[in-house]
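In what follows, a single structure is set out as structure tokens and then discussed.
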Amino acid sequence: MSAAAAEHPWDGPPESQLEAADRLMERLPGYRVEIIGGVIAVTPPADGAHARALRKLTRPFEDAGLDEGESEVLQAIGLWLPAGPGGYAIPDLSLVDADFEEHLIDHNCYDPAVFRLVLEVTSSNYQQDLRNKVTAYAEAKIPVYLIVDRKHSRLHVLTDPAGADYANHRIHAPGEQVVLPESIGAEVKLDVSAMLKAGEPRKAT
């Protein structure tokens, strides 16, 4: 990811960050635009390995029955951030209450109260996921935040949001099995090696 400075027309009042974000989305189709901590962040289209990882990462949640009934597993839906005017994020993967569409706030973004878990697969600017989004998701009181850290080959599991951080932050290495809190709706076990392998680019043969 990379932060983009918002420009505004010379005539008329300065545009809001939401307006600047809308303009960037129009100029950069296919890019992800977010407002995190008062800064507009622009993410280029993900590589194929990132997309493959997300597809495979949905399976443990689907196998646990979390993509039907009382919850859904969705990619790239907007999460409204309560800290600051007009902030929002678009997590790679989210586990949300089934009635989330009844909790639309603005700009196709939904109330953070309907999010049970969010997951990010790191890209070029991995520090955005490991720092700025930790603060943003904790302030939004997202119960569980998972980070598939492709750069350092590890899985971060953050739980119990407390202010601008999470009270519990555990880092797991390949070979470990991680059981997520049952508060998300069911028991979900993650194989760290499999998650990281899914995000590795395949070498040409």
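Nothing fancy with the numbering, it's 1 onward along the sequence.
From L104, atom CG reaches atom SG of C109 across 8.0 Å, with rounding to the nearest 0.5 Å. The distance from the CD1 atom of I35 to the CD atom of Q17 is 5.0 Å, given to the nearest 0.5 Å. Once rounded to the nearest 0.5 Å, the distance linking OG of S94 with CG of L119 reads 8.5 Å.
For the side chain to side chain contact (heavy atoms under 4.5 Å, CB included) test, residues two or more places apart in sequence or in another chain that qualify with S16 are L18, E19. Applying the side chain to side chain donor-acceptor pair (under 3.5 Å) test to D97 and every residue at least two apart in sequence or in another chain returns R116. Under the salt bridge (Lys or Arg N to Asp or Glu O under 4.0 Å) criterion, R52 pairs with no residue, sequence neighbours left out. In terms of the ring-ring contact (aromatic ring centres under 6.0 Å, His included) criterion, H172 has no residue partners (sequence neighbours excluded).
For the salt bridge (Lys or Arg N to Asp or Glu O under 4.0 Å) condition, no pair includes a residue of residues 173-185, sequence neighbours left out. A ring pair (Phe, Tyr, Trp, His ring centres under 6.0 Å) check over residues 102-124, counting only residues at least two apart or in different chains, returns the pairs F100-Y110. Among residues at least two apart or in separate chains, there is no ring pair (Phe, Tyr, Trp, His ring centres under 6.0 Å) pair with a member in residues 23-65.
Put simply, L180 and M195 are part of the same group of oily side chains (I, L, V, M, F, W, Y) that touch within less than 4.5 Å, one to the next. Taking hydrophobic clusters as Ile, Leu, Val, Met, Phe, Trp and Tyr residues chained together by side-chain heavy-atom distances below 4.5 Å, Y166 does not share a cluster with I184. Taken together through direct or relayed side-chain contacts under 4.5 Å among Ile, Leu, Val, Met, Phe, Trp and Tyr, L57 and Y137 form parts of separate hydrophobic clusters. Cluster annotation: L93 and L117 are assigned to the same hydrophobic cluster (Ile/Leu/Val/Met/Phe/Trp/Tyr, side-chain heavy-atom contacts under 4.5 Å, transitive).
The two residues K56 and A198 have their closest heavy-atom pair at CD-CB, 3.9 Å. Residues I40 and A20 come closest through the heavy atom pair CD1-CB, 3.8 Å. Looking at every heavy atom in both residues, A138 comes nearest to A164 through CB-C, 3.8 Å.
Residue-environment remark: CZ (R55) exceeds the threshold of 12 foreign heavy atoms within 6.0 Å.
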Validation: residues 142-160 side-chain donor-acceptor distances under 3.5 Å, sequence neighbours left out:
{"residue": "Y145", "atom": "OH", "partner": "D129", "partner atom": "O", "Å": "2.7"}
{"residue": "D149", "atom": "OD1", "partner": "K151", "partner atom": "N", "Å": "3.2"}
{"residue": "D149", "atom": "OD1", "partner": "H152", "partner atom": "N", "Å": "3.2"}
{"residue": "D149", "atom": "OD1", "partner": "H152", "partner atom": "ND1", "Å": "3.4"}
{"residue": "D149", "atom": "OD2", "partner": "H152", "partner atom": "ND1", "Å": "2.9"}
{"residue": "R150", "atom": "NE", "partner": "T122", "partner atom": "O", "Å": "2.9"}
{"residue": "R150", "atom": "NH1", "partner": "D47", "partner atom": "OD1", "Å": "3.3"}
{"residue": "R150", "atom": "NH1", "partner": "G199", "partner atom": "O", "Å": "3.0"}
{"residue": "R150", "atom": "NH2", "partner": "T122", "partner atom": "O", "Å": "3.1"}
{"residue": "H156", "atom": "ND1", "partner": "H169", "partner atom": "NE2", "Å": "2.8"}
{"residue": "D160", "atom": "OD2", "partner": "N168", "partner atom": "ND2", "Å": "2.3"}

Taking distance alone, no hydrogens or angles, what donor-acceptor pairs closer than 3.5 Å link side-chain atoms of residues 66-83 to residues at least two apart or in another chain?
{"residue": "D67", "atom": "OD1", "partner": "V73", "partner atom": "N", "Å": "2.7"}
{"residue": "S71", "atom": "OG", "partner": "L66", "partner atom": "O", "Å": "2.6"}

Enumerate donor-acceptor pairs with a distance under 3.5 Å from any side-chain N or O in residues 186-193 to protein atoms, sequence neighbours excluded.
{"residue": "D191", "atom": "OD1", "partner": "S193", "partner atom": "N", "Å": "3.0"}
{"residue": "D191", "atom": "OD1", "partner": "A194", "partner atom": "N", "Å": "3.1"}
{"residue": "D191", "atom": "OD2", "partner": "Q177", "partner atom": "NE2", "Å": "3.2"}
{"residue": "S193", "atom": "OG", "partner": "G175", "partner atom": "N", "Å": "2.7"}

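Looking at heavy atoms from C-beta onward, I36 lies in side-chain contact with K133 at the 4.5 angstrom threshold. Using a 4.5 Å heavy-atom threshold, the side chains of L54 and V121 count as touching. In this structure the side chain of T43 reaches within 4.5 angstrom of the side chain of E34, judged on heavy atoms.
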| said: Is there a side chain to side chain donor-acceptor pair (under 3.5 Å) between Y126 and E120? Walk through the geometry before answering. | reply: CA-CA 10 Å; Y126 60 92; E120 300 282 6; over 6 Å; no
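Between R131 and D165, no side-chain nitrogen of the basic residue sits less than 4.0 Å from a carboxylate oxygen of the acidic one, so the salt-bridge criterion is not met.
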